Structure formats: structure tokens, C-alpha cells
Amino acid sequence: MLQHRSTESGVAPISASVGTMKILVTGGTGYIGSHTVLSLQEAGHDVVVLDNLVNSSEESLRRVSELTGKTAAFHQVDLVDEPAVEAVFDQHQIDAVIHFAGLKAVGESVQEPLAYYYNNIVGTLNLLRAMDKHNVRSIVFSSSATVYGEHNPIPYIEKMEIGANNPYGRTKEQIEDILSDLGNADDRWHIALLRYFNPVGAHPSGRIGEDPQGIPNNLVPFIAQVAVGRREKLMVFGGDYDTPDGTAQRDYIHVVDLADGHVAALNYIAERAGVRRWNLGSGRGSSVLEVLRSFEKAVGQPIPYEITGRRAGDLPAFWADASSALADLGWSTTKTVDQMCEDHWRWQKNNPYGYNAAEPAAASNA
Ligand code: WQD
């Protein structure tokens, strides 16, 4: 068994890479999921993807395969379908799971809490029951900085009390609790809870990237759609925050750095039982206007925008204390906001309608 160098030496342990494993990636056709499939394959692992395709396209996996020369097995399965989840574990000798699958729009979760609790919680319980039944007890869970809620001081630190302020965030918090209780009750479980900050960017090839369905909720995909001519202008939600330029600050992280963070966490827990949580962020805040200027640099021309009122539920600023991921995993972000915008623009410019070859037909009930 590969041994990690002790942190007692004060030297960040190198996340020793483990041998080839077969990893089940739920939600693996999505934005972060597909980039993680690519990182896993580049690290030498075999990948099985389970996804219901409700918010993504299998085309992303075809393109990952182009880039890595490896093919992930794909199962179009909804995690709420427990027999179908079990069948995947019957078919493959899975060593570990990275769990992305779930609904993830904050605003939508406020309108449709039942769908969010059902899909995210029941889906996760079905996954964990199938894992336990098949003696698969290593899991990396896709959590979110949104669990820190609105009362914690910045930078956010993993040991802080959490308390999400929306149904989506509460499903993440409750899944963290489920996994913590499971790991504390049964020391055969190896569990990593990864709290993402704001993922943006795309693989530098421009072949895979973020492909939001409908009007993008998030800042950078919306800017990208303005830049490519799909949207008229960016509405900047609030210019009167107590920040250097009056617009809100967030901790943006390149999706490739984020994907690599999952591989590092997988390596770490491969040999360690117990439950651990890490922030995956840069440790720095960037304002909306700073990101907009950076995107304009990537595009090479101004992007129209208008400063409007604040968006309900938004915080003025938050970013990560990213020190524990560096100390434990030997992982930290490597890419700048400019690189994130360059890579995001390359994807958007080459794929104006995401994975759809042309503009999707307007939904009949639009
Ligand atoms: C960033 C900033 C907006 C759009 C959310 C979720 C979080 C995580 C990441 C899942 C804010 C401003 C945005 C626009 C704008 N998702 N903005 N105009 O809200 O920090 O985090 O996405 O895990 O859980 O809460 O990200 O990209 O929506 O907003 O001015 O059209 O950009 O007000 O200040 P957010 P975001």
C-alpha cells in the first residue's frame, strides 16, 4: 500500500497516486462531472458514468473520449430508481464513487423544494444503500460553499458551523450530515466532502464546457452568452455593496483545477477511513466587474452590461480558506481568473449553443 508522507514533517504530503481503480461518477455528463471524468482517465482510472441526462448531454462524454482516447461506460439511470442503481453495481466492480448527480439551481430550489429534496436526498440514499450492499464504501461528495450560509465570517473555514439558507443548499448540508453519521457509525467508510466555491472555465481544448439549459443563473456562463450574441447584455445584480467597486465578490475556481481536486481527494481517502471535508477554492475574491473586465480581455471587445438591483439571497462577498486542501491533499488552484475566462470563451465561441449543434427549438411552453 502506498504510504502518505506524514504532515508531522510539516511538508505537504504528496497525494500519492493509488493504482488503477474503477470509479463510478454520478452526474458524470455534467459540467464538473465531465471534466472530472477526463481528469480520472488521465490519472489512469477506469470510469463508469451514471446520469439521467435531465440537465446534460451524453455528447460531453463522447468528447471526453476524443480527448483521452478512453471510453467511460455510460448508464442512463436516475438515482431515484433504486433497482436501476443496484443493477449498475451488479454489472461493474466499483472501487469508489464520486457523487455529483443532483438538482443544483438555488432559485429553482426555492420554487420546487419537494423536487430538490426528493431527487437529491432520496437519490443519495439509494446510491449509499447500493454501495453498502456491494461493499463499496469510498465516496467523494460534491458539496458547496452555499452550506456556509449567510452568518459566517470570511474566509470560510471547514470547521465552521454551517447553515444553508435555501432548499438546494440544505440538501447539500443534509447529505453532508448523512455521510458524517454514516462514517461515524461504520469505520469501513472512506468519505470526502468537497465544498466548491464558484466553478468557471473549461478544458483548454474548448471541446467540453458549461452548457446551462435555459437562461444561465450563474455569472460567467451568462457573460459568455452575451459575448457570443445569445443574450443582449449582462445585468449586474447590485453595484452598492460594501466592496472595492461596489459589486459582489466570489471565489472563482477553474473547473479543471476543481476536477483535479477530486482526484487528489480520491487518492487521499483511498487509504484513510473516516469523514473529511475540504474547501476547494482559490482563497481570493473577485468582483463581478473584475470578472467582466477579464472576460472582455479574452473576447477582445467590450461586453454590454447594466448595473441593476441586488438579487435576493446574494451575499456581498465570500471566499475560501483553502489551506487545509493544500496541507492534506497537496492541492491548490493553479489557474487565474484571466485563464478561466480565456478557456470559458474558447468553449463558448466554438460551441455557441453548447452541445447542441444549433439553437435549440424554443420550449413549447416557453
Ligand atoms: C456570482 C455573482 C451574482 C449572474 C451560486 C450558487 C452556489 C454554486 C455557485 C452550486 C453574484 C452576480 C450573477 C448575473 C450577476 N452553485 N451575477 N449577474 O450566487 O455566488 O453561487 O453558484 O453549487 O451554490 O449559490 O454564483 O454565478 O450565480 O453569482 O451580477 O446574471 O455574480 O449576484 O454576486 P453564486 P453566481
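Start at 1 and go down the list; that is how both ligands and their atoms are numbered. All values derive from a computational prediction rather than experimental measurement.
The shortest N/O to N/O separation between Phe237 and ligand 1 falls below 3.5 Å. Looking at Lys104 next to ligand 1, no N or O pair under 3.5 Å apart turns up. Residue Met235 places at least one N or O, backbone or side chain, under 3.5 Å from an N or O of ligand 1.
When only non-hydrogen protein atoms are considered, atom 16 (N) of ligand 1 lies nearest to Tyr168 OH, 4.4 Å. Here the heavy atom of the protein found nearest to atom 33 (O) of ligand 1 is Asp314 OD2, 2.5 Å. Protein heavy atom closest to atom 20 (O) of ligand 1, with residue, atom name and distance, is Arg250 NE, 2.6 Å. In terms of protein heavy atoms, atom 12 (C) of ligand 1 is closest to Val288 CG2, 3.8 Å. The nearest heavy-atom contact from the protein to atom 19 (O) of ligand 1 is Arg311 NH2, 2.9 Å.
Of all the atoms in ligand 1, the ones that sit under 4.0 Å from a non-hydrogen atom of Ala248 are 34 (O). Here is the list of ligand 1 atoms found below 4.0 Å of a heavy atom in Ser144: 23 (O), 24 (O). Every atom of ligand 1 with a heavy atom of Val106 under 4.0 Å away is listed here by number and element: 6 (C), 25 (O). Listed by atom number, the atoms of ligand 1 under 4.0 Å from Val236 heavy atoms are 30 (O). Every atom of ligand 1 is numbered from 1 in the order shown, and the set under 4.0 Å from a heavy atom of Tyr252 is 1 (C), 2 (C). If you number the atoms of ligand 1 from 1 as listed, the ones under 4.0 Å from a heavy atom of Asn217 come out as 4 (C), 28 (O).
Heavy-atom minimum distance, Ile157 versus Tyr148: O-CE2, 3.4 Å.
At least one test fails for Arg276 against the ring of Tyr268: distance under 6.0 Å to the centre or angle within 45° of the axis. Cation-pi geometry between Arg310 and Tyr241 is met: the NZ or CZ atom falls under 6.0 Å from the ring centre, inside 45° of the normal.
In this comparison of Thr308, Leu219, Asn166, the heavy atom closest to atom 27 (O) of ligand 1 sits on Leu219. Nearest residue to atom 36 (P) of ligand 1 from Asp251, Thr243, Val291, Asn218 is Asn218 (criterion: closest heavy atom).
Side-chain contact between Leu219 and Leu234: present, with at least one pair of heavy atoms (C-beta onward) separated by less than 4.5 Å. The side-chain heavy atoms of Phe89 and Leu127, taken from C-beta on, include a pair separated by under 4.5 Å. Residues Trp347 and His203 are not in side-chain contact: their nearest non-hydrogen atoms beyond the backbone lie 4.5 Å or more apart.
Note: His92 and His75 have perpendicular aromatic rings, judged against thresholds of 30 and 60 degrees for the angle between ring planes. The aromatic rings of Tyr116 and Tyr168 lie perpendicular to each other, with more than 60° between the two planes, well past the 30° mark.
Around the CD atom of Glu66, the shell of radius 6.0 Å holds more than 12 heavy atoms that belong to other residues, nucleotides or ligands. Under a cut-off of 6.0 angstrom, the local environment of NZ in Lys104 is sparse, with at most 12 non-hydrogen atoms contributed by other residues, nucleotides or ligands.
Of the possible donor and acceptor atoms, one in the side chain of Asp251 sits under 3.5 Å from a partner among the backbone N and O of Ser282.
At a 4.0 Å heavy-atom cut-off, ligand 1 touches Asn198 through the side chain alone.
Heavy-atom separations between Tyr241 and ligand 1 are all 4.0 Å or longer.
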